[in-house]
Amino acid sequence: MSQVSDNPFKFSDTNKRYYTYDYYLRHTYGEKCAKITLDCGFTCPNIDGRRGYGGCIYCLSGSAAPTGRIFKAKADTSPYEIEKIHKQYLDGIEMIQKKWDVKKFIPYMQAYTNTYTSPENLSNLLDGISLFENAVEICIATRADCLEDEKIEIIDTLSKKIPVSVELGLQTSNDETAKKINRCHTYAEFEDGFKRLRLGAPEVKIGIHIIDGLPGETLKDMESTARSVALLHPDSIKIHLLYVTGGTVLARMYENGEYTPMAREDYIQAVCNQLELLPPDTVIERLTGDAEASCLLAPLWSVKKVSVINDIDKELFKRNSYQGKRYLK
Ligand code: SF4
């Protein structure tokens, strides 16, 4: 039996039994594209005190903030320096093109919460980025509780000029876990933001970010998050492994024996279970995390990302399974 010719999954031309981001890009833009990550000067309401202090327990940026201090939301008060952001974009392209022959790019507003600013600033920033050369799409990473109706209108207007994707961090649908990780929003708030964005900006592609291996969660809890996500039917999803990096609250928990990272085999099972539950046409942007080896404390097996992905492929093949096999519409 060949892993490619006998692959029952329809959105694939390789051995992958899930809808890869690479497949999506090639079929949408006709060739490979690369995301260029940008830091547009934002902070986060979970760091500066609007929703919480200190950030999510695994967030290095949040942990670096002194507890109790209210940070000025830079993006609310300063005019955007679009030239500096453009320079980041050009530098990112130069780096990518040293390794790959790519000509189309997706400016990716990644750092912190990229709609946490005034509507006027957001509009100016997005207008500027939409003019970047060879940009085929704009990707905005944000929290679902930072999507006021006026901002959704701005994103909707942008999506009529250039394809737009919005990446929303959920991490878990379990409110108890959300409290443990200091997420500072509930699942209901997430769902509300997601649905208002879907209705208010129908052409925008919405991605959801979830994390496996959160403190206290079992494989059943992780399946339950996948079921909740499947009901929302996002356009894409990123599945991450929770890893421990030095200097975070999570690192202190790990060192005190209050947190045990996920075992490799459990992670492979969890991801395959979740893929089976997700809609077949939801693009899978990621299946692991990407910690820098120099600051990673655990689990060390996560460094060998390709081997983890290969074992996910093998497990799906062994199960004779694929993305969406257990999806209930
Ligand atoms: S929402 Fe994102 S930026 Fe904000 S604290 Fe959590 S991980 Fe950090």
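For the numbers below, each heavy atom of this structure counts, side chains included, while hydrogens, waters and symmetry mates do not. Note that ligands are numbered from 1 as they come in the structure, with each ligand's atoms numbered from 1 the same way.
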Atom indices of ligand 1 within 4.0 angstrom of R183 heavy atoms, with elements | 1 (S), 6 (Fe)
For the pair R26 and E31, find out whether any cationic side-chain nitrogen is under 4.0 Å from an anionic carboxylate oxygen.
-> no
Less than 6.0 Å separating the ring centroids of F132 and Y89?
-> yes
Spacing of N121 atom CG and L126 atom CG [to the nearest 0.5 Å] = 10.5 Å
For ligand 1, which atoms, with element, lie under 4.0 Å from some heavy atom of G55?
-> 5 (S)
Just heavy atoms, cut-off under 4.0 Å: does C44 contact ligand 1 by side chain, backbone, both, or neither?
-> side chain
With under 30° as parallel and over 60° as perpendicular, where do the rings of Y19 and F11 fit, or are they tilted in between?
-> parallel
Using a strict cut-off of 4.0 Å, indicate which atoms of ligand 1 neighbour a heavy atom of R143.
-> 1 (S)
Examine C59 and say whether one of its N/O/S atoms is closer to atom 4 (Fe) of ligand 1 than 2.8 Å.
-> no
Specify whether H209 and H240 have parallel, tilted or perpendicular ring planes, treating 30° as the upper limit for parallel and 60° as the lower limit for perpendicular.
-> parallel
